Undergrad: 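Dumping the structure here so I can ask a few things about it.
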Amino acid sequence: MTRRRTLTIATFNVNGINARLSNLLAWLDYLKPDVVALQELKCEDAAFPREAIERQGYGAIWKGQRAWNGVALLARDAVPVESRRVLPGDASDRQSRYIEAAAHGIVIGGLYLPNGNPQPGPKFDDKLKWMARLHRHARTLVDLPHPAALIGDFNVIPSDLDVYDPAAWKKDALNQPEVRASYARLLEQGWTDALRSVFGSEQVFTFWDYFRQHAERDRGLRIDHLLLNPALATRLVEVGVDRWVRLEPGASDHAPVWMKIQR
DNA sequence: ATGACTCCCAAAGGGAGA
């Protein structure tokens, strides 16, 4: 096997890893990403499909949870070297929403940010608190001399360009001014939003809900993000969304989002 | 628009998602 000149790093909210296992494996076989962050495993640790993932050529670490949430990191022909499995700052947090590891020379934080609906309300308050914790932890990564990325389902619509109908999503937690401002402040630490930096003013989506044939009609949101610290951003080559995965039978409501970086 | 659609658990219908 020839060694490729770029590394491919991807994030994919699978919406139930066991319900979607064949979709996930088909996509891995197609793209052959080097590092993958998964969200919404919706399984306990013991139910993670480790053997099927390993047969596909990937080492994995994961943090599951019964019924909801759950995150994992996969590395092609390697096992991610875990550095964290909880976002610091709240000892009472029992939700599986963060996992961090080194893989193929890059520090990867894989995250599943709380949805926050309905808003206003306690779930929305929790979302903002989780984002504040993310800010504090991200500060420790952004200025590392080593390449680092924060990737996953942020549940944040960064701007009106990132939603097919801003008015229809006006009251949604993903689209609130406080949430957008918090995301913007995170970027101001020095993170590069890889998709936006390459697409410029062109619209691109990563999620389409299951209603009203929104996927087929490309009425979506951009809420899955790839953030690069400066040491990694200089190596960014290409980005993409594998929208075809969203159009397959039995698909997740999210599509995989990927970037290629120089080795 | 208390909607729709799909997962989970569990064994029906409710919680959660976004």
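In this text the structure is predicted, and so the values were computed from the model without any measurement.
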Undergrad: Among residues at least two apart in sequence or on other chains, which ones pass side-chain contact (heavy atoms from CB on, under 4.5 Å) with A/Ser197?
TA: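 Once residues adjacent in sequence are excluded, the partners of A/Ser197 under the side-chain contact (heavy atoms from CB on, under 4.5 Å) criterion are A/Thr192, A/Leu236.
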Undergrad: In whole Å, measure the gap between the P atoms of B/dT2 and B/dG13 for me.
TA: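 Rounded to whole Å, the distance is 23 Å.
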Undergrad: Considering only Ile, Leu, Val, Met, Phe, Trp and Tyr, and joining two whenever side-chain heavy atoms are under 4.5 Å apart, list the other residues clustered with A/Trp68.
TA: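 None, because no other hydrophobic side chain comes under 4.5 Å of this residue.
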Undergrad: Nearest-Å distance, CG (A/Asn18) to C1' (B/dC9)?
TA: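 Atom CG in A/Asn18 sits about 14 Å away from atom C1' in B/dC9.
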Undergrad: Sticking with atom P, work out how far B/dC9 lies from B/dA4, rounded to a whole angstrom.
TA: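 That atom pair is separated by 23 Å.
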Undergrad: Tell me the salt bridge (Lys or Arg N to Asp or Glu O under 4.0 Å) pairs involving residues 109-128 of chain A, sequence neighbours left out?
TA: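 Listed by first then second residue: nothing to list.
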Undergrad: Strictly by ring pair (Phe, Tyr, Trp, His ring centres under 6.0 Å), give each pair with a member in residues 216-244 of chain A just once, sequence neighbours left out.
TA: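 Every pair satisfying ring pair (Phe, Tyr, Trp, His ring centres under 6.0 Å) with a residue in residues 216-244 of chain A: A/Tyr30-A/Trp244, A/Phe154-A/His225, A/Tyr183-A/His225.
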Undergrad: OP1 or OP2 of B/dC5 less than 4.0 angstrom from a side-chain nitrogen or oxygen of A/Arg212, does that happen here?
TA: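 The answer is no; no side-chain N or O of A/Arg212 sits under 4.0 Å from OP1 or OP2.
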Undergrad: Taking B/dA1 as the reference, what is the distance to B/dA16 when you measure between their P atoms (whole Å, please)?
TA: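 It comes out at 24 Å once rounded to the nearest Å.
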Undergrad: Is the NZ atom of A/Lys32 crowded by more than 12 outside heavy atoms at less than 6.0 Å?
TA: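 Buried by this count: over 12 neighbours within 6.0 Å.
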Undergrad: A/Leu38 has an atom CG; how far is it from atom C1' of B/dC7, in whole Å?
TA: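 My rounded result for the distance is 16 Å.
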Undergrad: If I take atom CG in residue A/Leu21 and atom P in nucleotide B/dC7, what distance separates them, rounded to the nearest angstrom?
TA: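 Rounding to the nearest Å, CG of A/Leu21 and P of B/dC7 are 14 Å apart.
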Undergrad: Taking only residues at least two apart or on different chains, which pairs with a member in residues 99-142 of chain A satisfy ring pair (Phe, Tyr, Trp, His ring centres under 6.0 Å)?
TA: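 Of all non-adjacent pairs touching residues 99-142 of chain A, those that pass ring pair (Phe, Tyr, Trp, His ring centres under 6.0 Å) are A/Tyr98-A/His137.
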Undergrad: Can you tell me how far C1' in B/dC7 sits from the matching atom in B/dA12, rounded to whole Å?
TA: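 B/dC7 and B/dA12 have their C1' atoms separated by 16 Å.
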Undergrad: If the condition is side-chain contact (heavy atoms from CB on, under 4.5 Å), which residues does A/Ser159 pass it with, not counting sequence neighbours?
TA: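 With sequence neighbours excluded, A/Ser159 shows a side-chain contact (heavy atoms from CB on, under 4.5 Å) to A/Leu161, A/Asp162, given in chain and number order.
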Undergrad: Per the salt bridge (Lys or Arg N to Asp or Glu O under 4.0 Å) rule, what does the pair list look like for residues 243-258 of chain A, sequence neighbours excluded?
TA: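 Counting only pairs at least two positions apart or across chains, the salt bridge (Lys or Arg N to Asp or Glu O under 4.0 Å) contacts touching residues 243-258 of chain A are A/Asp218-A/Arg243.
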Undergrad: Please encode protein proximity along nucleotides 10-18 of chain B as a string of B, S and -, counting only heavy-atom distances under 4.0 Å.
TA: S----BSSB
Undergrad: Kindly compute the distance separating CD (A/Glu238) from CD (A/Gln262), expressed to the nearest 0.5 Å.
TA: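 It is 12.5 Å, given to the nearest 0.5 Å.
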Undergrad: Does anything in residues 159-167 of chain A come within less than 4.0 Å of DNA chain B? Heavy atoms only, and list the residues if so.
TA: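 None, since no heavy atom is under 4.0 Å.
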Undergrad: Quantified in whole Å, what is the C1' atom distance between nucleotide B/dG15 and nucleotide B/dA10?
TA: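 Between the two C1' atoms, the distance is 13 Å.
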